[in-house]
Amino acid sequence: MKLRADLHSHTTYSDGKGSMEDNVRAAIDKGLHTLAITDHGFGHGFFGIKRRNLPRMRAEIEELKKKYPDIQILFGVEANISGSSGKLDLRREEMELFDIVLAGYHFGSISFRPEDWTTHLLNFLYKFFGVFKQTARRKNTRGILLAMQRYPFSILTHPGDKGPVDLRLIAKVAKKRGIALEINERHRHLSAEDLKELADLGLNYIVSSDAHRPEDIARVPQALERIREAGVPVSQIVNIEEEE
Ligand SMILES: [Zn+2]
Ligand SMILES: [Zn+2]
């Protein structure tokens, strides 16, 4: 199995270690035909990109496209699903500023809506004390479902990794909305067990490095291991090709 496109990578514009160009060069070295730069969305309290930097980021991408014409470079963002409100941290019209929009739930996302605070709190209580699992699951699931219904994004990042979710329900809506579920190298979910549980749904998946260092671009050994273990057909993984 060979990764042809890595659609999830971070740079120094958020919490990554390399520049956009470092990531592009690494992607070329690894033989990718497509790389997306997808730094954390505006609402991430620690690492979110700044709205004022967008023109500069876009200009940098356009320069890189000219300099490296043999690879397709996409300007993306990993938007934050704020919590059970199902709001993303970018406006619908802002989505058009990007070539690709990913979205996922992160603890670091800041929201002033009470329902989002409650979602964060419940996930912490579940993570550290193992309590309120069902309530957390209901809130997380609601937020993701609403976000998928409201915003036309492409990839749901690491579903179920930061808090419990009703994965089957999310997967069914994702399929209907044409959103791919991500198998993320850095995060445990989707796990092999998750993939087995979803096997009958015939979903489309994306495998991502979620690289935070240039040398991790296109490195997805654990994700591939999970795919093998769960027996997911390569035809269901959008950015993987069978090796000759
Ligand atoms: Zn993430
Ligand atoms: Zn990420």
Side-chain angles (χ1 to χ4, degrees), residues 3 5-20 22-24 26-27 30 32 34-50 53 57 61 73-83 86-90 95 98-111 116 119-120 123-124 127 140-141 143-144 147-148 151 153-165 167 170 174 179-191 194 205-223 226 238-239:
L3 193 74
D6 197 347
L7 300 179
H8 188 166
S9 75
H10 295 268
T11 73
T12 48
Y13 280 108
S14 63
D15 56 344
K17 297 281 181 268
S19 66
M20 285 183 177
D22 293 335
N23 281 16
V24 169
K30 299 277 174 76
L32 296 184
T34 302
L35 172 75
I37 304 281
T38 56
D39 281 304
H40 289 290
F42 310 118
H44 200 293
F46 307 106
F47 319 119
I49 55 172
K50 307 280 182 287
N53 282 338
M57 294 174 81
I61 292 275
I73 304 167
L74 302 178
F75 180 37
V77 64
E78 184 181 11
N80 293 288
I81 297 173
S82 306
K87 298 277 189 194
L88 290 192
D89 59 344
L90 81 179
M95 295 179 79
F98 299 94
D99 304 323
I100 184 168
V101 176
L102 285 50
Y105 172 73
H106 299 91
F107 294 135
S109 87
I110 303 287
S111 162
D116 293 336
T119 312
H120 281 335
N123 284 323
F124 275 112
K127 188 176 164 74
N140 291 326
T141 303
I144 294 171
M148 289 195 294
Y151 303 88
F153 62 91
S154 304
I155 300 171
L156 180 65
T157 61
H158 41 70
D161 195 73
K162 313 281 179 181
V165 295
L167 198 53
I170 287 170
I179 294 170
L181 300 191
E182 183 194 53
I183 305 169
N184 183 305
E185 174 69 15
R186 284 164 51 94
H187 296 292
R188 278 194 315 121
H189 296 277
L190 299 172
S191 65
D194 296 335
Y205 297 104
I206 290 279
V207 178
S208 308
S209 70
D210 195 359
H212 284 62
R213 302 179 305 172
E215 57 267 40
D216 291 336
I217 299 275
R219 265 199 80 250
V220 290
Q222 308 232 19
R226 281 179 249 156
V238 179
N239 58 336

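Positions are given from 1 along the sequence. Remember, it's 1-based here, ligands and their atoms both numbered in the order they're listed. Quick note: numbers below take in every heavy atom, side chains included, and nothing from hydrogens, waters or symmetry partners.
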Run the side-chain donor-acceptor check on residues 215-223: report pairs under 3.5 Å with partners two or more places apart or on a different chain.
{"residue": "Asp216", "atom": "OD1", "partner": "Arg213", "partner atom": "NH2", "Å": "3.2"}
{"residue": "Asp216", "atom": "OD2", "partner": "Arg213", "partner atom": "NE", "Å": "3.0"}
{"residue": "Asp216", "atom": "OD2", "partner": "Arg213", "partner atom": "NH2", "Å": "3.2"}

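A tilted orientation is assigned to the rings of His40 and His212, their planes being inclined by 30° to 60°.
Residues Val207 and Leu3 come closest through the heavy atom pair O-CD1, 3.8 Å.
No hydrogens or angles considered: nothing links the side chains of His44 and Glu78 as a donor-acceptor pair under 3.5 Å.
Residue contacts to the Zn ion (ligand 2): His10 brings an N, O or S atom closer than 2.8 Å.
Neighbours of the Zn ion (ligand 1) restricted to protein N, O or S atoms under 2.8 Å: the count is 3.
In this structure, the side chains of Thr141 and Ile170 come closer than 4.5 Å at one or more pairs of heavy atoms.
For the atom pair CG of Asp89 and CD1 of Ile49, the computed distance is 8.5 Å after rounding to the nearest 0.5 Å.
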